[in-house]
Amino acid sequence: MDIVREYKPLLYGDETPFFSIIIVSYNYEKTILRALEAIKNQTYDKYQIVLVDNGSTDNTNEIIQKFIQNNKDLYITHIIIEKNEGLPKGRNLGIKNACGKYLIFNDADDWMDRRFLEIIYKASRNGCADRISVQFRDVSPEGKVLQVRNYVKGMSPWYITLLQGNAFRRDIFVKNNILVPDTFEDDLYISLQVLGHAKRCVIVRKTLYNYYVNNNSTSGINSITEKERIGAILDDVINCVDPVRRIVSHNNWEYLEYQMIKCYYNLIFNYNRNRSYKDISDVYHYLNNKIKKYDANYLNNKKIKLSFNGDRIYGRLLTYFFVLSERLHVMVPILWMYIFLSKILYFNV
């Protein structure tokens, strides 16, 4: 049975918080306090924290309870799930118990810069925007900034598909019954569903969020016996794209297709760091057959070009390079090159 406890200071009265910050945690005793302290120290204070303890077996729940006791001036909704049933259920419980105008999904190992909420609040244009996105950093466990996800001027919102570093109008979820699916690509699914119904998206070109990159995450691929799992992730990407394709214009479909292509290359490269050439080659041919079956013309997408196409330069160049490699049938040598470079450089399409 799920337990929901609400701690609402009297000073709030009947006032509705502007943001509901949803954090789902399963055994994050080493990082959860950093995430919470970053929220506590925000320069904007009209928010609700929705903490979902997803059946943790370490000291996560104790750390949360102590934080609540020491911060009675914060509006906190604490949800305890007795047994871990996965991130999607935790996020859906968070959405259900949120009451803010906007939803923010903050991973338990990520953290906000101090002015994150203040700047998003100002960018929302008095709550008229459907989604607000800020730039973020990829940070290693050692604290090294691996890269900054810069958003170029004029960038299309279709190129921003992570949940983190965004604020979404909650009524879009409510009116369209948007729930987090039990899928590898839940971030992509939610982002595309919101974009399919959004009319006003704002992109803030300030770096305000820290995305923790754990190369030892359970989402990584550690054995070639998990090739089927990588294929299932690509299937999930296609299943995220397909329903939105039916409700958007042809021009937006090209953005969607481009996003699918980038996910495809991410699976080939980023999920196969430090693998043997044979393993990566095997995965490549397996995924290539899948994407061809769904979209035989994916290499002809008009958004794939060196000149500005609405994507940031890093993603644009890598995507163009990989597509060109496939068109020229030289992807195999590229895989060889990747094996060597990935040992010293950090890539993310």
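Sequence positions, counted from 1, serve as the residue numbers for this chain.
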Do K278 and D282 sit within salt-bridge range, that is, some charged N less than 4.0 Å from a carboxylate O? no
Is the count of non-hydrogen atoms from other residues, nucleotides or ligands lying under 6.0 Å from N126 atom CG greater than 12? no
Can you find a heavy atom in the side chain of K101 that is under 4.5 Å from one in the side chain of R170? no
Is there a donor-acceptor contact under 3.5 Å linking the side chains of K292 and N288? yes
Polar contact flag, side-chain donor to acceptor under 3.5 angstrom, E228-Y286: yes
Assess the side chains of E142 and S140: does a donor N or O sit below 3.5 Å from an acceptor N or O? yes
Does the side chain of L256 reach to within under 4.5 Å of the side chain of V248, using non-hydrogen atoms? yes
Show the numbers, then the answer: is there a salt bridge (charged side-chain N to carboxylate O under 4.0 Å, His left out) between D2 and K96? CA-CA 13 Å; D2 304 327; K96 179 181 177 182; over 6 Å; no
Going through the checks in order, is the salt bridge (charged side-chain N to carboxylate O under 4.0 Å, His left out) test met by R91 and D107? CA-CA 10 Å; R91 282 180 169 166; D107 283 357; 3.3 Å; yes
Lys/Arg N to Asp/Glu carboxylate O, R137 vs D113, below 4.0 Å: yes
Y189 and D236: side-chain donor and acceptor closer than 3.5 Å? no
Closest approach of I63 and E29, non-hydrogen atoms and distance? CD1-O, 3.3 Å
For residues 82-118, pull every pair meeting ring-ring contact (aromatic ring centres under 6.0 Å, His included), keeping only residues two or more places apart or in separate chains. F18-Y102, F116-Y209
Might you confirm whether atom CZ of R327 has over 12 heavy atoms from other residues, nucleotides or ligands at distances under 6.0 Å? yes
Any side-chain donor near an acceptor of the partner, K302 and N251, under 3.5 Å: no
Between D110 and R34, is there a side-chain N and carboxylate O pair less than 4.0 Å apart? no
Within the 3.5 Å criterion, strictly below it, is a donor on Y121 or Q42 matched to an acceptor on the partner's side chain? no
Under a plain distance cut-off of 3.5 Å, with no hydrogens placed, do E85 and N54 share a side-chain donor-acceptor pair? no
Heavy-atom neighbours of D182 CG exceed 12 at 6.0 Å: no
Check step by step if side-chain hydrogen bond (donor to acceptor under 3.5 Å, both in side chains) holds for N301 and E254. CA-CA 7 Å; N301 183 287; E254 288 187 328; 5.7 Å; no
Working to the nearest 0.5 Å, report the span between NZ of K46 and CG of L117. 12.0 Å
Is the count of non-hydrogen atoms from other residues, nucleotides or ligands lying under 6.0 Å from I313 atom CD1 greater than 12? no
Where V202 and A123 come nearest, the two heavy atoms and their spacing: CG2-O, 3.7 Å
Using the ring of each side chain (for Trp, its six-membered ring), is Y258 parallel, tilted or perpendicular to Y159, with breaks at 30° and 60°? tilted
Compare every heavy atom of I160 with every heavy atom of R131, then report the nearest pair and how far apart it is. NH1-O, 2.9 Å
Hey, are the side chains of Y284 and E326 touching, using non-hydrogen atoms and a 4.5 Å cut-off? yes
Holding to ring-ring contact (aromatic ring centres under 6.0 Å, His included), I want the full list of residues that pass it with Y298, two or more places apart in sequence or in another chain. Y264
N210 versus M112: any side-chain heavy-atom pair under 4.5 Å? no
On a heavy-atom basis, which atom in A108 and which in Y28 lie closest, and how many Å separate them? CB-CG, 3.6 Å
Side chain proximity check, Y7 to K72, heavy atoms < 4.5 angstrom: no
Would you indicate whether the side-chain heavy atoms of V244 and Q193 approach each other to under 4.5 Å? yes
So, S56 versus D53: side-chain donor-acceptor pair below 3.5 Å or not? yes
Test side chain to side chain contact (heavy atoms under 4.5 Å, CB included) applied to C263 and L188, step by step: CA-CA 10 Å; C263 289; L188 180 66; 4.1 Å; yes
Using only heavy-atom distances, determine whether the side chains of T77 and N97 contain a donor-acceptor pair under 3.5 Å. no
Between K199 and D130, does at least one N-O distance fall below 4.0 Å, as a salt bridge requires? no
Taking the side chain as every heavy atom from C-beta outward, state whether H78 and Q65 have any pair of such atoms under 4.5 Å apart. yes
Taking all non-hydrogen atoms of both residues, which atom of V213 and which atom of P141 are closest, and how far apart? O-CD, 3.2 Å
Between T57 and N27, is the side-chain hydrogen bond (donor to acceptor under 3.5 Å, both in side chains) condition met? List the steps. CA-CA 6 Å; T57 57; N27 290 353; 3.2 Å; yes
Side-chain donor-acceptor pair under 3.5 Å between S156 and D311, yes or no? no
Can you see whether Q48 engages S20 through a side-chain donor-acceptor pair at a distance of less than 3.5 angstrom? yes
Taking 4.0 angstrom as the limit, do K122 and E118 come out as a salt bridge? yes
Indicate yes or no: does K40 engage D73 in a salt bridge with an N to O separation below 4.0 Å. no
L195 and C201, any side-chain heavy atoms less than 4.5 Å apart: yes
Apply side-chain hydrogen bond (donor to acceptor under 3.5 Å, both in side chains) to D242 and Y294, showing your working. CA-CA 10 Å; D242 198 54; Y294 175 70; 2.8 Å; yes
Minimal non-hydrogen separation, R169 against D171, with atom names: NH2-OD2, 2.5 Å
With a 4.0 Å cut-off on N to O distance, would you call D138 and K144 a salt bridge? no
For a quick check under 3.5 Å, do Y212 and Q164 share a side-chain donor-acceptor pair by atom type? no
